[in-house]
Amino acid sequence: MVKAKKEKPSYIAWLSSMRFALNLLIGIGVITALGTLVPQGQDPIFYLDHYGEMLGQIIVALSMHKFYQAWWFQLLIGILCFTLLICAYQRLRKAATIKSAGSLLFHLAIAVILVGAAWSLGYAHSAAVEISVGDKISLSPHGFKDGELTLASFNIDYYPDFQPRQYTSDLSLTHYDGRDYQQLVYVNNPLRAGNLKIYQSSWGWIMNLKDVSQAVPQTIKIKNHGKYQLDDTKMVVLGAVFLPDYAEDNKRVFSRTPLPNNPHIGLTLYQAGRLIDAAIIAPGQEAELGAYRFVFEGFTYYSGLQLKYDPGVNLVFLGFGLLLLGLMARYWQLIFPGKGG
Amino acid sequence: MESQLLTLSFILLVLVVATNLARLWHPHIFLSKISSLLLYLALLSLVSTLGFRIMGANRVPFANMYEFTIIFVCMVLLVALFIRTSHPSPLFDLAVALLLTVLLSVASSLPSELRPLMPALQSNWLHAHVATAVIAYACFALAFCLGFLYLLQANLPAADLMSIDEKIYKLVVLGFTLLTLVIITGAIWAEEVWGNWWSWDPKETWSLITWTVYAAYLHARRTREWKGRKSAWLVVTGFIVVLFTLFGVSILLPGLHSYV
């Protein structure tokens, strides 16, 4: 008597078929392409303004404005991952040659990358901070478990035509996970502390002003092109522009270079949105604007840093390695005939 | 000097087109030799163009789309010269020369001023990323030329068609492997520079779409026996996607790669 072979449930057979995987891959490709045609991450009002009421509402309703974060897109990626794992499992039983083992490894690697990406999606945390030279900030208010960040110095290296060559922050991370770190952080060279990385992402000038019109003089820190609310009830706002290498001609004031060779601050005073006074002063000088008097005490750089804790990225990189190994094993003989494999 | 050499390369490639049109009309060994000579001279002229660029910029010419296109043209020509040793066809020379003249025309319309490397580009990953991209896309370009040839020469003996099909397959396998490396090096670099190994930037998204098209080719060939005309159509389509990824995205869909 012949024992009946156990049939695979039909939906599993369908999901694990190469035809389904291929169609799914092409489908995801087409959908991904469509995603690049719609500007991503804007406010819903943007789509209503630019695409009209009806199309705008469809875009927002289908989450096409955050295409790659939409639940249905991630569901498709999840199904792809599932299909790859089933395909890989089926190949596992047939992986007798290096070529087929390579193919198995390649498909498993894609699943590993997707699992790593999902891990990042669920557990990664990032925050942007700005820290002035000489300042220290605590990381816990930014959602990290502990640690303190100190910026000892910040430097911009320029090409002869004053295009920026590199931005460098001398950073110390202390008491993070029981350890201390010190490093020059620049673009392409983040500080690594376990799964936490700190990136150089932006910079700017920050100026110190003293409001001497108050009974008790008050120090104001204001960023270049920043605004500071002086009086909420009267809606008085102070604006500041930093001119590191101040110069003027008949028509305008400007900065000759980005270097602080002749630093000045341009101050503007607004009331209810209307300009009421303006002045340009050098460090140590005092300016009278309306009923206020300010002394320009000094200036320094601030460094914009991106902090990212991501436990999934190492799994993604492991997946990359496996992907390449799988590809090499699968195609080595074809690309380099007669050289082993 | 650089722009004169680029013009010379263009003229030489136009001459290759003319020579091979003449070869199609009147096949002669002399015209074949002229075509070879012109192709080698064009390569020499393009390499010299790059040499002047490197000397002028004092860095590898990987910083913008203009530089990438010149290197891409060089690489396509280099691999084409290798392929034509086993596939000496006037149509192949014609297809390659036509493609390269179009690419050089595009290059001449791109901003070409010498600029120093911005901070984000100062990484060894730049070299790995761009070098692999140049070779990968050159493989796809030549697969496209051969695919075109396959579709145009349906009356060739079966053995010759099979040989073209096999060459296309090998080029796609090499291109696909390198494109995988392009995406991986790009992702690792993005993690180093921006703290995000994948951000659905239009350029990286279209690279993934390109990868998907060639992955579909490899799957279809293996599991659905898509060989010959069907797969030739797929590599022709694939290269159109490559061209959109290279030029279309940069022009129409700005993103993190806007500087190229």
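Side chains included, hydrogens not; waters and symmetry mates left out as well; all remaining heavy atoms used. Proteins get letters first, then strands, A, B, ... in listed order; numbering begins at 1 in each.
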Heavy-atom contact with chain B under 4.5 Å, split by part of [X]:
X      : value
A:F320 : both
A:L25  : both
A:S201 : neither
A:A117 : both
A:V30  : neither

Have a look at A:L327 and tell me which of B:T180, B:V173, B:L178 forms a side chain to side chain contact (heavy atoms under 4.5 Å, CB included) with it.
->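 When side chain to side chain contact (heavy atoms under 4.5 Å, CB included) is applied between A:L327 and each of B:T180, B:V173, B:L178, only B:T180 qualifies.
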B:P119 pairs by side chain to side chain contact (heavy atoms under 4.5 Å, CB included) with which of A:Q163, A:Q166, A:R165?
->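 In the set A:Q163, A:Q166, A:R165, the residue that makes a side chain to side chain contact (heavy atoms under 4.5 Å, CB included) with B:P119 is A:Q166.
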Selection from [options] maximising heavy-atom pairs under 4.5 Å formed with chain B:
options                        : answer
A:N188, A:D161, A:L307         : A:N188
A:I26, A:T32, A:D157           : A:T32
A:Q306, A:R192, A:M328, A:R330 : A:R192

Decide side chain to side chain contact (heavy atoms under 4.5 Å, CB included) for A:V187 and B:V193; before the verdict, give the C-alpha distance in whole Å, the side-chain angles of both, and the deciding distance to 0.1 Å.
-> CA-CA 6 Å; A:V187 180; B:V193 69; 3.5 Å; yes
Only pairs at least two apart or in different chains count here, so list each side-chain hydrogen bond (donor to acceptor under 3.5 Å, both in side chains) that has a residue in residues 164-173 of chain B.
->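 Pairs touching residues 164-173 of chain B that pass the test: B:S163-B:K167, B:D165-B:R221, B:D165-B:S231.
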Which bit of [X] is near chain A, if near means a heavy-atom gap under 4.5 Å: side chain, backbone, both or neither?
X      : answer
B:W200 : both
B:L171 : neither
B:I209 : side chain
B:W211 : side chain
B:I183 : neither

For atom [atom1] of [X], is the number of surrounding heavy atoms from other residues, nucleotides or ligands below 6.0 Å larger than 12?
X      : atom1 : answer
A:W203 : CH2   : yes
A:Y186 : OH    : no
A:W72  : CH2   : yes
A:F162 : CZ    : yes
A:Y158 : OH    : yes

Angle class for the A:F106/B:F176 ring planes (parallel below 30°, perpendicular above 60°, tilted otherwise)?
->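 Answer is tilted, since the angle falls between 30° and 60°.
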Report the residues that fulfil ring-ring contact (aromatic ring centres under 6.0 Å, His included) with A:Y181, sequence neighbours left out, ordered by chain and then residue number.
->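 In terms of ring-ring contact (aromatic ring centres under 6.0 Å, His included), with neighbours along the sequence ignored, A:Y181 is linked to no residue.
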A:P164 side chain near B:M118 side chain, heavy-atom distance below 4.5 Å |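 Result no, sub-4.5 Å side-chain heavy-atom pair not found.
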Measure the shortest side-chain to side-chain distance between B:W198 and A:I113 over non-hydrogen atoms and say whether it is less than 4.5 angstrom.
->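 When only atoms from C-beta onward are counted, A:I113 and B:W198 do not touch, as no gap falls below 4.5 Å.
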Selection from B:S123, B:A215, B:P116, B:A187 maximising heavy-atom pairs under 4.5 Å formed with chain A =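 Most heavy-atom pairs within the cutoff with chain A belong to B:P116.
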With respect to chain A, which residue among B:V213, B:L117, B:L174, B:V241 yields the maximal number of heavy-atom pairs within a distance under 4.5 Å?
->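 Option with the top pair count is B:L117.
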Between B:E191 and A:Y199, does a side chain to side chain contact (heavy atoms under 4.5 Å, CB included) hold up when you go through it step by step?
-> CA-CA 10 Å; B:E191 175 68 19; A:Y199 299 86; 3.2 Å; yes
At what distance, to the nearest 0.5 angstrom, does CZ of B:F244 lie from OG1 of A:T36?
->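 These two atoms lie 6.5 Å from each other.
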